[in-house]
Amino acid sequence: MADDVNQSLEKFREHEGISGPSGASERILVAAQYHWNGSIYVRRGQQIAKRLNGELLVVVFTRPKQSLSREQEAFKRSLHKMADKTDAKLEELPLSAPRRFAKSLIRYAFDKKVTRIVLGHSRKGPWQELWQGSVTNGILKHAHGIDVFWVADRTAQGEPRILPARRTQNKQEKGYHRLSREEMNDKVKRIERGRFKIYIGAAPGVGKTYTMLREGNDILAKGTDVVIGWLETHGRAETAAQVGSLPVIPPKEVSYKGTTLYEMDTEALLARSPELVLVDELPHTNMPGSRFRKRYEDILLLLENGISVITTLNVQHLESLNDAVERIAGIRVSETVPDTLLSMADEVELIDVTPQSLQERMREGKIYAADKVDQALGSFFRTGNLIALRELALRELADDVDERLESWQRNMSLRGPWRKEEVIFVCILPGTSAERLIRRGFRIAYRLKAALHVTCVRMEGRDCDLGRWQGLTESLQGHFGILETDGWKGLPAKVLGQAEQIHATQMILGRPEEGIFTRYARRRMLKRLIHGASRIDVLLV
């Protein structure tokens with residue numbers, strides 16, 4: 001369904017004359033050669049495409065006047081078979097000179113609306129780079145708006161290749177065993193904990209609160225003790241009418257700067273101890289002086305006390321999607337929640353509405369007041385935004401389903417397409433977008449079931465918002481560290497030493513974003529860093 005929505009988005013962008021990737025869907029391009037490691041790159045590209053629910057493309061650049069050797073012909077047949085097996089679209093293109101490889105690759109990637117390029121580390125020596133041009137330099141110079149992933153060829157260093165495998169359950173394992181004290185305590189805690197359900201939508205007005213209230217009334221009619229802990233109708237009559245017989249716990253008054261404001265009364269809910277609480281607006285930030293900073297922390301407390309909760313959330317409020325949403329809608333969402341809440345939920349249900357239906361509801365005044373309709377339709381509720389957000393919501397739900405399936409497989413002693421030994425190392429260089437890199441690192445670590453390590457390079461004379469970055473990293477269950485340095489010169493060695501110390505298998509870096517001289521100096525430094533990290537995977541965001 002997400003793929004169908006993506007086709008609608010691409011048609012809309014073509015009609016509007018918008019070029020480049022939308023940011024809502026992924027398209028992976030593998031740059032391969034008719035060489036023995038070509039199949040490794042295609043297989044790695046397939047793994048990335050599967051994790052990102054993306055399309056896989058393969059391109060091979062050949063010299064028109066040079067015929068292939070017998071060995072290359074064999075590798076060509078093998079690569080085409082691999083492309084068929086992985087459902088990849090393979091295209092062979094002429095290359096006039098090796099020096100033009102990087103530029104031709106980037107131009108092809110832009111034409112195909114590629115979001116990530118996958119290729120191998122360069123093995124050219126300094127003289128070869130001087131004569132034929134540096135591929136890494138060309139990519140650092142031209143690949144704006146596209147992520148680049150350098151695959152570590154671990155077989156070159158004599159290391160084993162680790163490919164996805166599935167292990168059947170050990171037949172000698174006993175189906176039943178006496179629970180230890182720790183296992184018994186864990187089982188009792190799971191029984192005592194309340195059930196958690198989230199209604200997720202692509203945008204305001206899709207009907208999350210409406211559906212939550214309707215379900216609450218159905219459960220109430222069956223004799224369950226249900227109350228409303230917090231409700232935001234936003235003046236929508238249809239939503240307010242769904243309250244029906246549901247009792248409402250009055251909000252708590254909070255004095256702030258001479259004004260009386262209202263928050264969910266968690267203490268009153270704990271004292272009342274109903275079986276189920278309906279809580280609207282999961283990402284809400286509580287007023288200063290409240291027991292918790294965020295509403296989801298109040299919800300976690302209710303769950304710990306055996307009270308079940310149904311709540312609502314829009315996809316743009318997920319922490320790791322913050323950058324994607326800003327790229328799509330041009331709006332930085334300030335109130336976010338950790339993605340781990342989705343995996344904690346016992347049930348996640350998507351409320352899906354087509355953009356046309358949502359815009360029609362907007363014009364009828366069913367979402368916002370009449371004086372705000374035109375402004376909303378011209379900004380956040382534009383057709384392109386709504387299609388892209390809808391696709392993000394669909395893909396996020398697909399990821400959640402995959403995560404639950406993989407969790408079940410792990411409990412059944414099956415080996416899925418993840419590597420437990422993966423360690424993701426995010427390196428924040430001065431001037432790069434720290435929060436964007438941390439979120440990207442989290443999404444990769446989350447999909448790989450890997451450890452996340454974030455290191456901030458602090459250079460003398462440059463300001464860093466270390467507290468904010470550390471808070472974001474820890475909220476995403478990562479480890480945060482600081483690397484002190486005097487300048488760019490010795491930085492690659494220090495960063496590579498840090499990566500080796502934590503046994504990193506993938507390093508994530510950001511692009512240069514400053515003035516011409518600084519950008520050139522950092523490009524040289526990044527080139528040395530990427531070449532030095534040939535034993536691990538490197539992702540340039």
Side-chain angles (χ1 to χ4, degrees), residues 179 184-201 204-253 262-284 286 290-292 294-314 337 340-353 366 397 400-401 404 407-408 411:
L179 296 177
M184 181 62 76
N185 289 338
D186 184 55
K187 192 167 186 178
V188 169
K189 283 180 182 176
R190 288 202 307 271
I191 293 170
E192 289 177 347
R193 178 182 175 271
R195 286 185 61 79
F196 187 29
K197 180 174 181 176
I198 299 175
Y199 279 111
I200 189 169
V206 296
K208 303 178 301 297
T209 306
Y210 181 98
T211 309
M212 178 183 72
L213 292 172
R214 189 171 60 186
E215 182 179 0
N217 273 295
D218 291 342
I219 295 171
L220 181 69
K222 294 174 183 175
T224 303
D225 185 12
V226 186
V227 300
I228 295 175
W230 184 264
L231 177 63
E232 291 277 3
T233 64
H234 298 287
R236 297 166 194 162
E238 288 182 343
T239 303
Q242 290 301 311
V243 173
S245 305
L246 291 167
V248 180
I249 300 298
K252 177 174 60 178
E253 293 185 359
Y262 298 93
E263 291 289 358
M264 182 173 76
D265 196 338
T266 306
E267 286 72 22
L269 288 167
L270 290 170
R272 171 76 163 68
S273 191
E275 293 176 78
L276 173 64
V277 179
L278 309 182
V279 182
D280 212 1
E281 303 286 352
L282 174 64
H284 172 76
N286 294 332
S290 300
R291 182 174 181 178
F292 296 111
K294 300 288 289 187
R295 179 167 290 161
Y296 71 78
E297 295 175 286
D298 291 293
I299 288 175
L300 293 178
L301 181 62
L302 295 175
L303 293 171
E304 287 169 11
N305 282 270
I307 300 172
S308 297
V309 176
I310 299 178
T311 188
T312 61
L313 170 71
N314 283 327
V337 298
T340 47
L341 285 175
L342 276 189
S343 56
M344 283 178 54
D346 299 288
E347 193 176 348
V348 180
E349 202 164 306
L350 174 69
I351 308 298
D352 183 44
V353 176
K366 293 180 178 179
L397 192 68
D400 182 67
V401 171
R404 290 168 195 275
S407 174
W408 176 81
N411 291 336

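Model, not experiment: these values are computed from the prediction.
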Got a second to check how far M212's CE is from Y199's OH, nearest 0.5 Å? 9.0 Å
Under 3.5 Å, is there a donor-acceptor pair between the side chain of S308 and the main chain of L276? no
Could you check whether any side-chain heavy atom of P204 comes within less than 4.5 Å of a side-chain heavy atom of N314, counting everything from C-beta outward? yes
Is there a side-chain contact between I249 and I228, using heavy atoms and a 4.5 Å cut-off? no
Could you check if a side-chain atom of V277 sits within less than 4.5 angstrom of a side-chain atom of I310, using non-hydrogen atoms only? no
Check whether any side-chain heavy atom of E304 sits under 4.5 Å from a side-chain heavy atom of R193, and report yes or no. no
Once rounded to the nearest 0.5 Å, what's the spacing between atom CG of N305 and atom CG of L269? 11.0 Å
According to side chain to side chain donor-acceptor pair (under 3.5 Å), who are the partners of T266, at least two apart in sequence or on a separate chain? D298
Pairs involving residues 207-217, ordered by first then second residue, that meet salt bridge (charged side-chain N to carboxylate O under 4.0 Å, His left out) (sequence neighbours left out): K197-E215
With sequence neighbours left out, write down each residue that passes side chain to side chain donor-acceptor pair (under 3.5 Å) with E232, or none if nothing qualifies. W230
For E267, the salt bridge (Lys or Arg N to Asp or Glu O under 4.0 Å) test, sequence neighbours excluded, returns K252, R291
For S290 versus E263, what's the shortest heavy-atom pair and its separation? OG-CG, 4.2 Å
For the pair R295 (side chain) and E281 (backbone), establish whether a donor and an acceptor sit closer than 3.5 Å, ignoring hydrogens and angles. yes
Set of side chain to side chain donor-acceptor pair (under 3.5 Å) partners for Y210, sequence neighbours left out: Q242
Side chain to side chain, I200 and I351, heavy atoms closer than 4.5 Å: no
Quick one: closest heavy-atom pair of F196 and L341, and the distance? CE2-O, 3.9 Å
Who are the side chain to side chain donor-acceptor pair (under 3.5 Å) partners of T239, not counting sequence neighbours? none
4.5 Å side-chain heavy-atom contact, P274 and V226: no
Using modelled atom types and a 3.5 Å cut-off, is there a donor and acceptor pairing between side-chain atoms of T211 and backbone atoms of G207? yes
Gap between atom CG of L270 and atom CD1 of I307 - 0.5 Å precision: 5.0 Å
For A240, which residues count as a side chain to side chain contact (heavy atoms under 4.5 Å, CB included) partner, sequence neighbours excluded? T233
E238: which residues meet the salt bridge (Lys or Arg N to Asp or Glu O under 4.0 Å) condition with it, sequence neighbours left out? R361, K366
Which of T312, T209, L246 passes side chain to side chain contact (heavy atoms under 4.5 Å, CB included) with L278? Answer is L246
With the side chain counted from C-beta on, respond yes when P251 and D265 share a heavy-atom pair under 4.5 Å apart, and no when they do not. no
Within residues 220-229 or reaching into it, pairs that qualify as salt bridge (charged side-chain N to carboxylate O under 4.0 Å, His left out) - sequence neighbours excluded: D225-R272
With a 4.5 Å limit on heavy-atom distance, are the side chains of Y296 and T311 in contact? no
